[in-house]
Number of protein chains: 2
Amino acid sequence: MESRIERIKKQLHGASYKLTPQREATVMVLLENEADHLSAEDVFLLVKEKAPEIGLATVYRTLELLTELKVVNKINFGDGVARYDLRKEGAARFHHHLICIECGAVDEIQEDLLGEVEKVVEKRFGFTVKDHWLTFHGICKRCKSEGDTKGK
Amino acid sequence: MESRIERIKKQLHGASYKLTPQREATVMVLLENEADHLSAEDVFLLVKEKAPEIGLATVYRTLELLTELKVVNKINFGDGVARYDLRKEGAARFHHHLICIECGAVDEIQEDLLGEVEKVVEKRFGFTVKDHWLTFHGICKRCKSEGDTKGK
DNA sequence: GTTATTGCAAAAACTTTGCATGGGG
DNA sequence: CCCCATGCAAAGTTTTTGCAATAAC
């Protein structure tokens, strides 16, 4: 079975890009931290551990490239920083996010909950949906159970 | 009947802020361009027409203030710029956006289409939803009908 | 060899902050 | 008087760009 990095390499080649060592290190960092939502700076610091000579500009250029290839999505949670989130392979739509306003945790929902909503959008507004971005703000399960413990 | 600006004035006063001429001019610009999604710079340039002496920093400070009071939402569509979008008065949730990948138009859906989805999120993930941000990317009605005209 | 890619440094773009000044009550 | 709010300029952050050096084929 082909590895994830192999398939990304093919995507790069298909678009006439190379998988240089720097690009590979960057992709590896993203794969190893798939649950996180790393900023370019975060990625840079992690990549530096593998490839100390890499420059920040290269990380930016690589992340831009991966965004273009739809390997990652560039997201923005309101702080002034862009973050990069791996797309599930072959997913037609970007996954949803749950942001806890108490503890700041960012969880992901991989399951697509918007099928019916998109049908409504297409019918009622004549808009052909290609992708979506959905984020909920609220209180996560963990913070709620902490509240219980404290008897509040 | 009380005007929108009057009610915003009361909101400011309720939080111990004044509706200064600069703040009023900024709010007026937002009200007059409610359909748009203005950046701080956009707002600044429009406010300057009414109050030429205003500084960019004041516009930023006012927009931050209005965000805090939930009069506007600060949004980010992926270009590196924050944009400010008036909330509907009394709305519990932020409205949805439709971004056309052909022409770049940003339309709004005021109707809340996420009621059922939020129930699922609350039940299945134990997450109490307080607000949401939903944006669709796709082809708007206008671009599709243009396509028809061209016989494509 | 030729072309893509990199690292560095400089620049750009956007936003925030410090501070003296000004205005209202 | 006091204090909030302002304008300006400076500083801060994040991201992009220019360019010579380097690496890949």
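The sequence lines fix the lettering, A, B, ..., with proteins before strands; numbering per chain opens at 1.
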B/Thr58 vs D/dT6: side-chain N/O to OP1/OP2 distance below 4.0 Å: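 No, no such contact exists.
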
Below 4.0 Å: OP1/OP2 of C/dT15 and any side-chain N or O of B/Tyr60: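 The answer is yes; a side-chain N or O of B/Tyr60 sits under 4.0 Å from OP1 or OP2.
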
Interatomic distance, [X] [atom1] vs [N] [atom2] [rounded to whole Å]:
X	N	atom1	atom2	result
B/Leu66	D/dA5	CG	P	12 Å
A/Gln22	D/dA21	CD	C1'	13 Å
B/Glu64	C/dC14	CD	P	19 Å
A/Asp79	D/dT15	CG	C1'	15 Å
B/Asp42	C/dT15	CG	P	10 Å
B/Lys18	D/dC3	NZ	C1'	7 Å
A/Tyr17	D/dC25	OH	P	17 Å
A/Ile54	D/dT22	CD1	P	18 Å

Answer yes when [X] and [Y] have at least one side-chain N-carboxylate O distance shorter than 4.0 Å, and no when they do not.
X	Y	result
B/Arg93	B/Glu118	yes
B/Glu102	B/Arg142	no
A/Lys70	A/Glu89	no
B/Arg87	B/Asp131	yes

Side chain of [X] only, heavy atoms from C-beta on: which candidate in [options] is closest?
X	options	answer
A/Ala57	D/dA5, C/dC8, C/dT6	C/dC8
B/Arg23	D/dT6, D/dT15, C/dT6	D/dT6
B/Lys74	C/dG7, D/dT16, C/dT16	C/dT16
B/Thr20	C/dT15, D/dT16, D/dA5	D/dA5

First encountered from the 5' end of DNA chain C, between B/Leu56 and A/Pro21: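 Looking at the nearest nucleotide for each, A/Pro21 comes out on the 5' side.
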
Side-chain donor-acceptor contact under 3.5 Å, A/Glu64 with A/Tyr84: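 Side chains of A/Glu64 and A/Tyr84: no pair found under 3.5 Å.
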
A/Ala40 or A/Arg61, whichever maps to the more 5' nucleotide of DNA chain D: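 The answer here is A/Ala40.
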
Touch class at under 4.0 angstrom, heavy-atom based, for A/Glu53 against every strand present: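 Since only primed, P, OP1 and OP2 atoms lie under 4.0 Å of A/Glu53, the category is sugar-phosphate.
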
